[in-house]
Amino acid sequence: MKKTHTCGELKKKDQGATVTLMGWVQTRRDHGGLIFVDLRDRAGLTQVVFNPETAPQAHTEAHGIRSEYVLAVTGTVAPRPSGTVNPKLPTGEIEVHVTGLTILNTAKALPFMIEDDTDVAENLRLKYRYLDLRRPSLQKILITRHRITQTVRRFLDQRGFIDVETPFLTKSTPEGARDYLVPSRVNPGMFFALPQSPQLFKQILMVAGFERYYQIVKCFRDEDLRSDRQPEFTQIDLEMSFIDQDEIISLMEELLAAVCKEVKGVNVALPFPRLTFREAMDRYGSDKPDTRFGLELKDISDIAKATDFKVFLQALEPGGAVKGFAAPGMAVLSRKEVDDLTNEAKIFGAKGLAWIKVTDSGFDSPIAKFFKDGQIAAIAARLEAKPGDLMLFIADSPKLVADTLGYLRLLVGKRRNLIDETKLNFLWITDFPLVEWNDEEGRFDAMHHPFTGPRDEDLPLMESDPAKVHAKAYDIVLNGSEIGGGSIRIHRADVQSRMFSLLKIAEEDARKKFGFLLEALEYGAPPHGGLAFGLDRLTAILTGTQSIRDVIAFPKTQKAICLMTEAPSRVSAAQLRDLSIKLDIVE
RNA sequence: GGGGUGGUAGUUCAGCUGGUUAGAACGCCGGCCUGUCACGCCGGAGGUCGCGGGUUCGAGCCCCGUCCGCCCCGCCA
């Protein structure tokens, strides 16, 4: 017996046809006489009918059917009697009058129901992931993910990119995130690392002359999880030779446009807007701003300096900033609600949240007494605040001000429903600093990674004023999420060694860690650069889901555990012995 | 490492100020039902109140510890 159709495709025009469907029992409605079963497969639902008069044997067998039994049914497609058409189902005009039933498998009573609008605890969903994944909404997401990767592969193939696999068992590099380590049995005491990204390999492929490389590939980072971070995640990774930043950016815009066209049917406008890192931080307090709404931050340090408000004055002294924005319509907030906002600000280490309500008659604020005539009005003008608005201010170091206000801006945007969820706002962030100061270590760290090229015009500053050097690095942001990033790489060994000395990485250490790349750069490395997209995040945004766990078939919990397989787990003493590993755990 | 939040029937939840036998809905099981699609009607079973300790005459409820899920800070590009 073979299935002839899916459960999602039969229509009125198929009436009279003899068909065989195979699928799962969504629901059974037993009327004593007639039995209705909604049969489900990945394509949809079809109602099949067991009639005791026309098919007594099948009807008798159908009594034993339960939810999620796996059935093969053969029967005739018939239009539904008038008045019983179900407009909610694509197949709702027809039903299948069953003549033959085979129960292919039974199912135990389920831990939860297979339906889209479920609110089952996520730990149960993850334990029984195979049941969770039966839900059409999750299947739809994974199918969309498939369509995204297919579109990407087609596009990149057409543009001359070669799919090359790179090793998963590779070399640990202490920079960046923590590595997942894999012990080498045949080399006792030695470890591979799972790649945080194929970064070095794709550069080597450029040296090898592949010119255009791509890979849709798993990456591994042993850091704490978030709703948009899994320990293993997928990158659309690519690298090109003989190109500059603008060429990569416009090609990637075409790629993203093709993806949006395919999965959303939307023609996104090209080119995408660009902001420099500086401008993004100044205006939005974030290097991945959500530009679907306004509420831009304004610097009021100059006005604050002239007030008598000690909190502002003390923050400004050591090079701090006072910034704020106007939260529309939030002047009605109670004292408690404003206190709640203050507590949100404190998450980021803010010592407090200054606020001024703008009313029809003037201003209302506990700090008003510290301001001289006209100062509050000047601030309100700067923030373009209107009566009914609540002006919010943070005074602290520039980084803390940006982090806190960037977060509050998002919070207000969400609470005031200012975000148009139908928008797809792509945005490039460019001109990142090459390095950032690491106070704890007392040296500069690479902002992107140590192979990112400095802007040509900034090269002379690498030794004299490193903080002022800009990188040929770019991030792509979609609706406030960083969905990708890349850079033009350093392809000359002399620039690379200046970079290492700037980062206080000794020549010898550099040789030990990535000598193979440095050596490769000495054998005719072409100028090259690339980018990697976070496929999981991109898919999450395009499918409108909150957590990337929903776009990964078998995700891990916040403790990096797979509840279905119960990985990670203990291993046998023999396995450890093979690997020359002794555990040091207090039981 | 830290902050927040949740954990009571298979599931989602309610459970008052600590007080008799821990409830509801859905699901499940049995019976009835020939046009349902949230089928309907009747009946029934089902509880380690996450786990451990403490306070108390008495704990689902209070205290301490601990485990797990989720959100976040740190971390991570």
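Chain identifiers are assigned alphabetically (A, B, ...) following the order of the sequence lines, protein sequences preceding nucleic acid strands; residue numbering begins at 1 within each chain.
Distances from the side chain of A:Ala177 to the nucleotides B:A77, B:G35, B:C71 place B:A77 closest. Side-chain atoms of A:Asp38 lie closest to B:C37 of the nucleotides B:C37, B:C70, B:A77. Considering only the side chain of A:Glu122, B:C70 comes nearest among B:C37, B:C75, B:C70. Comparing B:G35, B:C28, B:G27 by their nearest atom to the side chain of A:Ala109 picks out B:C28. Closest to the side chain of A:Gln47, out of B:U34, B:U36, B:C76, is B:U36. Of all nucleotides listed (B:C26, B:C76, B:U12), B:C26 comes nearest to the side chain of A:Met113. Nearest to the side-chain atoms of A:Arg29 among the listed nucleotides B:C39, B:U12, B:C72 stands B:C39.
A:Phe201 and A:Tyr213 have their aromatic ring centers separated by at least 6.0 angstrom.
Nucleotide B:C41: paired with B:G31 (Watson-Crick or G-U wobble, both distances less than 3.5 Å). A 3.5 Å limit on both hydrogen-bonding distances identifies no Watson-Crick or G-U partner for B:C49. Using Watson-Crick or G-U wobble geometry with both donor-acceptor distances under 3.5 Å, B:U36 finds no partner in any strand shown. Shown here, B:U12 forms a base pair with B:A24; the pair counts as Watson-Crick or G-U wobble because both key distances fall under 3.5 Å.
A donor and an acceptor atom never sit less than 3.5 Å apart when one is taken from the side chain of A:Arg549 and the other from the base of B:G69. Side chain A:Arg66 to base B:C29: no donor-acceptor pair is found below 3.5 Å. Residue A:Arg229 places a side-chain atom within donor-acceptor reach of the base of B:C76, judged by atom type and a 3.5 Å distance cut-off alone. Residue-to-nucleotide contacts include a donor-acceptor pair under 3.5 Å from the side chain of A:Asn86 to the base of B:C37. Contact annotation: side chain of A:Asn123 to base of B:G7, donor-acceptor pair absent below 3.5 Å. Scanning atom types as modelled, one donor and one acceptor separated by under 3.5 angstrom connect the side chain of A:Arg80 and the base of B:C37.
When each of A:Val73, A:Leu34, A:Asp30 is paired with A:Phe50, the side-chain contact (heavy atoms from CB on, under 4.5 Å) condition holds for A:Val73 and for no other.
At least one side-chain heavy atom of A:Ile490 sits under 4.5 Å from a side-chain heavy atom of A:Met499.
Between B:C49 and B:C13, the two C1' atoms lie 13 Å apart (nearest whole Å).
Looking at heavy-atom distances under 4.0 Å, A:Ser67 makes contact with sugar-phosphate atoms alone, never a base.
Rounding to whole angstrom units, CD1 of residue A:Ile35 and P of B:G40 are separated by 17 Å. Here B:U12 presents its C1' atom at 11 Å from CG of A:Leu124, a figure rounded to the nearest Å. The nearest whole Å value for the distance from the OH atom in A:Tyr407 to the P atom in B:G3 is 17 Å. Distance CG (A:Leu411) to P (B:C71): 17 Å, rounded to an integer number of Å. At whole-Å resolution of the value, CD in A:Gln26 and C1' in B:C39 are 15 Å apart. Following rounding to the nearest Å, A:Asp30 (CG) and B:G30 (P) show an atom-to-atom distance of 11 Å. B:C71 atom C1' lies 13 Å from atom CG of A:Leu225, rounded to whole Å. Here B:A77 presents its P atom at 17 Å from CE of A:Met281, a figure rounded to the nearest Å.
The aromatic ring of A:Phe112 does not sit over the base of B:U11, since the test of centres under 5.5 Å and planes under 30° is not met. You can call A:His31 stacked on the base of B:C39; the centres are under 5.5 Å apart and the planes sit within 30°.
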Show the numbers, then the answer: is there a ring pair (Phe, Tyr, Trp, His ring centres under 6.0 Å) between A:Phe554 and A:Tyr130?
CA-CA 9 Å; A:Phe554 303 102; A:Tyr130 39 88; 8.9 Å; no
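The shortest distance between the side-chain N/O atoms of A:Arg226 and the OP1/OP2 oxygens of B:C73 is below 4.0 Å. Contact annotation: A:Thr557 side-chain N/O to B:G69 OP1/OP2 distance is under 4.0 Å. Between A:Lys559 and B:C68, a side-chain N or O to OP1/OP2 separation shorter than 4.0 Å is present.
Classification of the A:Phe432-A:Phe277 ring pair by plane angle, with boundaries at 30° and 60°, yields tilted.
With no hydrogens or angles considered, no side-chain donor-acceptor pair links A:Ser569 and A:Glu566 at under 3.5 Å.
Residue A:Gly33 is the one, among A:Lys399 and A:Gly33, whose nearest nucleotide of RNA chain B lies closer to the 5' end (criterion: closest heavy atom). Ranked by how close their nearest RNA chain B nucleotide is to the 5' end, A:Pro111 and A:Pro81 are led by A:Pro111.
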